[in-house]
2 protein chains.
Amino acid sequence: MKKITIGDASRQSGVKVPTIRYYESIGLLAAPSRSGGNQRSYEPADLRRLVFIRHARELGFEVDAIRTLLTLQDDPHQSCASADAIAKARLADVEQRIRSLMALKVELETMVEGCGHGRVDQCRVIEVLADHAQCTHSHH
Amino acid sequence: MKKITIGDASRQSGVKVPTIRYYESIGLLAAPSRSGGNQRSYEPADLRRLVFIRHARELGFEVDAIRTLLTLQDDPHQSCASADAIAKARLADVEQRIRSLMALKVELETMVEGCGHGRVDQCRVIEVLADHAQCTHSHH
DNA sequence: CTACATCCTCTAGCGACTAGAGGTGCAAGA
DNA sequence: TCTTGCACCTCTAGTCGCTAGAGGATGTAG
């Protein structure tokens with residue numbers, strides 16, 4: 001069997017080399033065996049784990065949540081209630097973020113549209129920032 | 001005129017006390033005069049600046065962008081092209097974020113809906129994370 | 001005068017990496 | 001065989017925008 005170096009693992013998983021070492025240092029990925037001159041040598045299972053982690057990070061899961069998801073994956077006979085709860089919490093968070101970003105978008109659009117491209121003292125961008133009362137939304 | 005302590009400034013601007021000191025340390029807010037036993041004493045103009053900063057932060061502007069916006073505000077005869085550009089860049093960023101969060105939401109919803117609340121080996125949450133090919137969207 | 005809140009400075013920590021220094025290992029071409 | 005040059009190693013420090021805490025000084029109310 002050919003040995004998988006950290007560089008190969010990086011290319012095959014899409015996780016950068018220093019990030020792989022970082023994941024090892026925080027215990028998200030088990031330390032692999034070393035071959036020859038102290039170089040890390042990975043197994044296919046490690047690659048799958050890295051892809052899992054990358055995908056979860058792309059979905060915005062925090063490292064702690066991923067830690068839990070990984071232990072669940074390691075023991076497939078457990079109830080998946082925890083995984084479900086984590087995903088639901090993340091979904092709620094994403095929905096909340098979308099709501100505030102939408103409000104923010106409206107506010108920024110008003111600012112940009114109101115800018116007459118003249119001097120700063122007529123600029124709505126600066127004006128709105130200086131005087132919160134001018135906001136269309138007052139939720140923040 | 002009564003002296004405005006850092007605590008008053010905090011209450012009136014909505015910026016926390018350590019954050020005000022932090023803003024001073026990074027040069028976002030000028031160091032105020034000190035009165036008596038070395039305590040900071042603010043002017044009304046400082047309060048307006050703090051509100052400006054807080055509002056800009058709430059809109060997601062980075063400290064560097066705020067620095068530029070503040071220098072623009074200080075010189076109202078300048079062209080507001082920079083302010084406009086900063087706000088437009090921020091708007092584009094917000095729109096991009098909304099788009100990716102929407103895609104993410106769809107993916108999370110699929111995961112959560114697909115969870116049969118049984119054991120982990122039938123859980124779609126874990127499954128989707130382990131195998132990226134199962135994503136409805138493939139942009140990431 | 002005594003509490004007690006508020007202020008001061010300074011350092012360290014958060015999350016999730018990223019960058020760089022300074023050194024070793026390894027495979028391929030001359 | 002030697003050398004070139006990339007990939008690897010460890011370690012520390014930096015990123016961003018704060019936040020927390022230690023340890024001490026000051027200000028105010030009763």
Side-chain angles (χ1 to χ4, degrees), chain A residues 2-29 31-42 46 49-70 86 89-90 93 97 100 140, chain B residues 2-29 31-42 46 49-70 86 89-90 93 97 100 140:
Chain A
K2 62 211 168 290
K3 49 191 167 182
I4 303 171
T5 68
I6 198 169
D8 296 334
S10 172
R11 276 178 291 278
Q12 286 174 50
S13 68
V15 180
K16 288 183 198 160
V17 168
T19 307
I20 295 176
R21 285 197 277 252
Y22 168 70
Y23 285 159
E24 183 184 325
S25 80
I26 61 167
L28 205 55
L29 190 71
S33 60
R34 304 284 182 127
S35 45
N38 197 33
Q39 304 203 349
R40 287 170 181 82
S41 183
Y42 293 94
D46 296 317
R49 205 168 176 92
L50 277 173
V51 168
F52 186 103
I53 295 169
R54 179 174 64 82
H55 195 185
R57 286 294 301 133
E58 280 168 356
L59 290 174
F61 289 96
E62 292 178 1
V63 164
D64 261 9
I66 296 174
R67 221 183 284 272
T68 307
L69 290 170
L70 281 168
I86 289 170
R90 178 75 195 126
D93 180 48
R97 259 168 224 257
S100 40
H140 59 260
Chain B
K2 61 207 170 292
K3 48 190 167 182
I4 302 171
T5 67
I6 198 168
D8 296 335
S10 171
R11 275 180 290 278
Q12 286 174 53
S13 68
V15 180
K16 288 182 198 160
V17 169
T19 307
I20 296 177
R21 285 196 277 252
Y22 168 70
Y23 286 160
E24 183 184 324
S25 81
I26 60 167
L28 206 55
L29 190 70
S33 60
R34 302 286 181 126
S35 44
N38 198 32
Q39 302 203 350
R40 288 170 180 82
S41 182
Y42 292 94
D46 296 318
R49 206 169 174 93
L50 278 172
V51 168
F52 185 103
I53 295 169
R54 179 174 63 82
H55 196 186
R57 286 294 300 134
E58 281 168 357
L59 289 174
F61 289 96
E62 292 177 1
V63 163
D64 261 9
I66 296 174
R67 220 183 284 271
T68 309
L69 291 170
L70 282 168
I86 290 170
R90 179 75 196 122
D93 180 47
R97 261 167 222 257
S100 39
H140 58 260

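Chain naming here is simple, since letters A, B, ... match the order of the sequence lines and numbering starts at 1 in each.
Not counting sequence neighbours, B:Ser41 has no partner by the side chain to side chain donor-acceptor pair (under 3.5 Å) test. A:Tyr22 is linked by a side-chain contact (heavy atoms from CB on, under 4.5 Å) to A:Ser25, A:Ile26, counting only residues two or more places apart in sequence or in another chain. Checked against side chain to side chain donor-acceptor pair (under 3.5 Å), A:Glu62 has no partners two or more places apart in sequence or in another chain.
Screening A:Leu70, A:Ile20, A:Val15 for a side chain to side chain contact (heavy atoms under 4.5 Å, CB included) with A:Ile53, the sole residue that qualifies is A:Leu70. Here the options are B:Ile4, B:Thr5, B:Asp8, the test is side chain to side chain contact (heavy atoms under 4.5 Å, CB included), and the partner is B:Tyr42; only B:Ile4 passes.
In this structure a side-chain-to-backbone donor-acceptor pair under 3.5 Å is missing from A:Arg49 to A:Leu29.
Annotation for B:Ser35 and B:Lys3: closest pair OG-CD, 3.8 Å, computed over non-hydrogen atoms.
Of all nucleotides in DNA chain C, those with any atom nearer than 4.0 Å to a heavy atom of chain A start and finish, going 5' to 3', at C:dA16 to C:dC26.
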Atom pairs, N/O to N/O, protein against nucleotides 26-30 of chain D, distance under 3.5 Å?
from	atom 1	to	atom 2	distance (Å)
D:dG27	OP1	B:Gly37	N	2.8

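Rounded to an integer number of Å, the gap from A:Tyr42 OH to D:dC8 C1' is 11 Å. Separating the CD atom of B:Glu58 from the C1' atom of D:dC18 is a distance of 15 Å, rounded to the nearest angstrom. D:dC16 atom C1' lies 10 Å from atom CG of B:Asp64, rounded to whole Å.
The stretch residues 18-29 of chain B touches DNA chain C through B:Arg21, each having a heavy atom within less than 4.0 Å of the strand.
Of the inter-residue distances, the one linking B:Ser10 atom OG with B:Arg21 atom CZ reads 10.0 Å to the nearest 0.5 angstrom.
Comparing A:Ile6 and B:Val63 along DNA chain D, the residue whose closest nucleotide (by nearest heavy atom) sits nearer the 5' end is A:Ile6.
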